[in-house]
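Here's the structure we're looking at; comments come further down.
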Amino acid sequence: MAASTNIPTKLKKSQVVNAGPQLKFDTDTLECLLVKAGSGIPSTTSGGIQFVADITGTNAEVSGTGYSRQTLSSVTVAFDGSNSNYVDFSFGDVTFTQSAGGFTDARYIIFYDATTSTSDAARPVIAIADPDQTLSAVSGDVVLTCPTGGLIQWQ
């Protein structure tokens, strides 16, 4: 699915110093959305994004017939099967269904925690996946498959 996955630095800090919402990967409602290229991949540096609204302010969310944000299913946080010193965050396939009037310009996949708020201004971004190509649901489904070893792997 992703050529690269980027974790926001502000999220990392909020998890260890209680400076922001504490994520519970195993019980929170985690979702994903798709955004256009905009001004490039959103910055995940210490001066970069933290919440969904930080991203949609510079990278418009895609639109089109049948498009909607998707809830992650079969979320797991577990020891890695090949190296028990690693912890993997994984999820089941996510499908954006094909539609003749669907989107043609999705460039980045944004994973976020929807439990913490009903407002994008307070929904923390977990990760930004860059598929290294533009995605389109006009002529077929767009299926996001979690990478082997998980979208995020802690060592």
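The shown structure was predicted, so the numbers you read here are calculated from the model rather than taken from an experiment.
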Note, Val87 side chain near Val77 side chain (heavy atom, < 4.5 Å): yes
Nearest-0.5 Å distance, OG of residue Ser4 to OH of residue Tyr108: 8.5 Å
Thr115: side chain to side chain donor-acceptor pair (under 3.5 Å) partners, not counting sequence neighbours: Asp113
Inter-residue atom distance Leu72.CG - Leu151.CG, 0.5 Å rounding: 8.5 Å
Atom pair CZ/CG of Phe79 and Asn85 - distance to nearest 0.5 Å: 9.0 Å
Partner set under side chain to side chain donor-acceptor pair (under 3.5 Å) for Ser119, not counting sequence neighbours: none
Sub-4.5 Å side-chain heavy-atom contact between Val142 and Thr95: no
Pro124 vs Thr116 side-chain heavy atoms within contact, under 4.5 Å: yes
Thr71 side chain reached by Leu30 side chain, heavy atoms, under 4.5 Å: no
Distance (rounded to the nearest 0.5 Å) between Asp26 CG and Thr76 OG1: 10.5 Å
Residue pairs involving residues 76-102 (criterion salt bridge (charged side-chain N to carboxylate O under 4.0 Å, His left out); sequence neighbours excluded): none
Shortest non-hydrogen contact between Phe89 and Cys146, atoms and distance: O-SG, 4.1 Å
With Ser90 via side chain to side chain donor-acceptor pair (under 3.5 Å) - residues at least two apart: none
Any residue meeting side chain to side chain donor-acceptor pair (under 3.5 Å) with Ser46, in chain and number order, not counting sequence neighbours: none
Same apolar cluster: Phe25 and Tyr86, side chain cutoff 4.5 Å: no
Full working for side chain to side chain contact (heavy atoms under 4.5 Å, CB included) between Ser43 and Ile49: CA-CA 6 Å; Ser43 172; Ile49 61 98; 5.7 Å; no
Sequence neighbours excluded - salt bridge (charged side-chain N to carboxylate O under 4.0 Å, His left out) pairs with any residue from residues 133-148: none
Phe91 and Phe111 aromatic centres sub-6.0 Å: yes
Closest contact, heavy atoms only, Phe51 versus Asp120: CB-O, 3.6 Å
Set of side chain to side chain contact (heavy atoms under 4.5 Å, CB included) partners for Thr104, sequence neighbours left out: Ser136, Val138
Could you go through residues 55-64 and list every donor-acceptor pair under 3.5 Å that involves a side-chain atom there, pairing it with any protein atom two or more places apart or in another chain?
residue: Thr56; atom: OG1; partner: Val52; partner atom: O; Å: 3.4
residue: Thr58; atom: OG1; partner: Ile55; partner atom: O; Å: 3.3
residue: Asn59; atom: ND2; partner: Lys36; partner atom: O; Å: 3.1
residue: Asn59; atom: ND2; partner: Ala37; partner atom: O; Å: 2.6
residue: Asn59; atom: ND2; partner: Gly40; partner atom: O; Å: 3.0
residue: Glu61; atom: OE1; partner: Arg69; partner atom: NE; Å: 3.4
residue: Glu61; atom: OE1; partner: Arg69; partner atom: NH2; Å: 2.9
residue: Glu61; atom: OE2; partner: Tyr67; partner atom: OH; Å: 2.8
residue: Glu61; atom: OE2; partner: Arg69; partner atom: NE; Å: 3.0

Thr29 vs Glu31 side-chain heavy atoms within contact, under 4.5 Å: yes
Non-hydrogen side-chain atoms of Gln70 and Thr97 separated by less than 4.5 Å: no
Side-chain touch Ile128/Ile109, heavy atoms, less than 4.5 angstrom: no
